[in-house]
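Lettering follows sequence order; numbering is per chain, from 1. Owing to the predicted nature of the structure, the values given are computational and were not obtained by experimental measurement.
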Amino acid sequence: MKNSLNLLLFLSICVVSSTGWGNFSIKARYGTLPSAGGTALTAVQIAQHTNLARCLCDQWSEENDPYSYYFEMQYTGTFDSSDVYFYLGNDCANTAVALTECAEIGALNINSFQDRTNYIPIPVNHLVDPAGGVCRSQASSSTYYIFSNLENRTVAFSQGVSYDTKAPAAPTGVRAVGGEGSLSVSWDAGAVTEDRVSYFNVLCAQDGAPAPVSSDDTADWVDTEDVCGKVLSLDATEEGESCPDGALTAGGRAHPCYVCASVASTASSVRITGLTNGVAYQVAVVAVDDYRNASPLSEVVDATPVPTTDFAEHYRNLGGAADGDYCFLATTVYGDRDHPFVRVLRSFRDVALLTNPPGRAFVRWYYRNGPAWAAWVEGNPLALVILRVLMLPLVLFAFLTLTLPLWLPFAWWAVRQRRRLRREVSHA
Amino acid sequence: MRSLVLAFCLMLVATPAVAQDHVVSPVNWMWDLRGGLFIPDIDSEFGGAATPYADIFGTEKKMAWRTELSWQFYRGIGSLGVGADLGMFYRSGKALLDDGTKSGDGTSLILVPMGLKLVYRFDWLQTALHVPLTPYGKAGLVYNFWWITDGDGDVATWGSGDGGGRASGGTYGYEFALGLSLLLDFFDPEAAANLERESGINNSYIFVEWVYNKSDNFGGDGALRVGGTMWMFGLAVEF
């Protein structure tokens, strides 16, 4: 977030020349041309825009405008028939630097700004590599120039733009332990903190294919398929399959269709649920940075969910008698085991009935017959309504009995106060 | 060493000058916060034949917390009050695999004890002799809400044999405690007097108490025995 804010500030500063020209200014930034349905980008979106996926898409299709994003530029000042020239690069205003070291974006006549806005493309591949337009793994900034005179490199406007196409390092120390229909996956989070990691995504495979719990909706990184509708190789020279089998390979490229969990960078473990006991799964982790670049895949580990026994089951398996709750008829009548009235009746059973022989006998009798009554009541809506009303006094009685120690002292105090007041009134 | 002990004893019986000078506002309430290491008596239900609690949570004691508010309705030779307290105990462990070893799944037991007690504080030593030590005793009824969670963090179920009933409920019982509190005002009477003027807090204490909690629905069947004994330490204020 901090980086995104920095970028926003960086973008908001317009540098205006003092060569007799008017002012160029950036009004907004667009993901695609407004005429193509583009919308103004937020600072976070700009940060995500200048990542590896955008760079690869730009490299793949140099000629295809929609892959770039745009500065919406306006000009106020003197209009004439002279041209302005748009360049991307570093130190391009220095006449000692060959212009071939910078990327030529294009040229426009200044009159083209009269009464209209121009949308100037910002190809990320030329931000990263002005001369070659090749995507490299690095995080830095480049400068966007408008020259009013190309020969003298007279700068009418310049604007710095940050980018980050560097993927974080792959997480290390990945472990997976089987649980009840689940896997507990952990990793050494500290190893990637210096890469501004904002998320960890866990990827799950079953027999080499994405596990049933995997979904690309869960992935936090931006891939080329999101940006330009193509699954591109890391050098943007060829297209790949959208969700290939057998893609979970250590050091390989992450495919979002395998993602089964996402956690913030502060976490170093997650529990994957919804799995099947006895089925082997393959698990790997990727780190995702602020710019939504995904790291290479971590080592891939195998794990199998297994049946486990939690404390409640273990206690009961060993013969523990506590039942805590179960109230057939009341649960049916009030529709929920945790309904406050059911809880009151359950507590009444535990305290007032199960603590004496007659009460225990009643509970045994009720447990023999309760399920049958509950089944009958469930099928008779009228009986359900009548019982809801008829059971209210029973619930109230149970509540007052249970809370006797709480309200009795206050009742006693209130009675004493009332007597004292009466005495005072009679004396008066 | 003997001179140090003598000095401490003299300090205890000495009368702080400032404490006698300022006007004392009425004292009716006491609030405390205390904690102590605790292990519930759940395994006692099995008479040594099984130890489900120890199997999963171990035998190490864990911190239990309590807070109590009491109203002193009698002040004479000591004070007598009625107090309500609320507590919290959380213990987590790993669910077991079929071979009895620990799995990756977590499971936990949460206890929320609530109590209503009579509290007698023999503060005559403090009020009459200016000795800053007050022994006290408490006795009352407790109700312990409890629930067990499974690997998903949800309330666990007992198993299919119980119709999938949820592993939550409550256990009634009784509790008494014996303790000794040390009046902190004694060490800085001036600050104590300022505190009373500004906030109405008359006295502040640190204390230690031994607690005996018998929570088993008074010997009834079907109770999760969540009582136990523990030493608790805490801070209390009278106002």
TODO: Show your reasoning for whether side chain to side chain donor-acceptor pair (under 3.5 Å) applies to B:Asp123 and B:Thr134.
DONE: CA-CA 5 Å; B:Asp123 57 7; B:Thr134 300; 5.9 Å; no

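- Within the 4.5 angstrom heavy-atom criterion, atoms from both the backbone and the side chain of A:Ser347 approach chain B.
- Heavy-atom distances place both the backbone and the side chain of A:Thr308 under 4.5 Å from chain B.
- If you tally non-hydrogen atom pairs under 4.5 Å between each of B:Asp98, B:Leu97, B:Ile148 and chain A, the highest count goes to B:Ile148.
- Both the backbone and the side chain of A:Thr309 have a heavy atom closer than 4.5 Å to some heavy atom of chain B.
- With a 4.5 angstrom heavy-atom cutoff, A:Leu353 does not touch chain B via any of its atoms.
- Remark: B:Arg91 engages no residue in a salt bridge (Lys or Arg N to Asp or Glu O under 4.0 Å) (not counting sequence neighbours).
- For B:Phe73, no part sits under 4.5 Å from any heavy atom of chain A, backbone or side chain.
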Open item on the list: side chain to side chain donor-acceptor pair (under 3.5 Å), that's the test. Do A:Gln206 and A:Gln282 meet it? Break it down for me.
Closed with: CA-CA 6 Å; A:Gln206 179 185 331; A:Gln282 300 81 50; over 6 Å; no

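- A parallel orientation is assigned to the rings of B:Phe239 and B:Trp29, their planes being inclined by less than 30° (bins at 30° and 60°).
- Ion pairing between B:Asp32 and B:Arg121 fails under the 4.0 Å rule for side-chain N and carboxylate O.
- Proximity to chain A (any heavy atom under 4.5 Å) is shown, for B:Leu224, by both the backbone and the side chain.
- A ring-centre distance under 6.0 Å is found for A:Phe311 and B:Phe57.
- Both the backbone and the side chain of B:Asp152 come within contact range of chain A, judged by heavy atoms closer than 4.5 Å.
- B:Leu96 touches chain A through backbone and side chain together, each having a heavy atom under 4.5 Å away.
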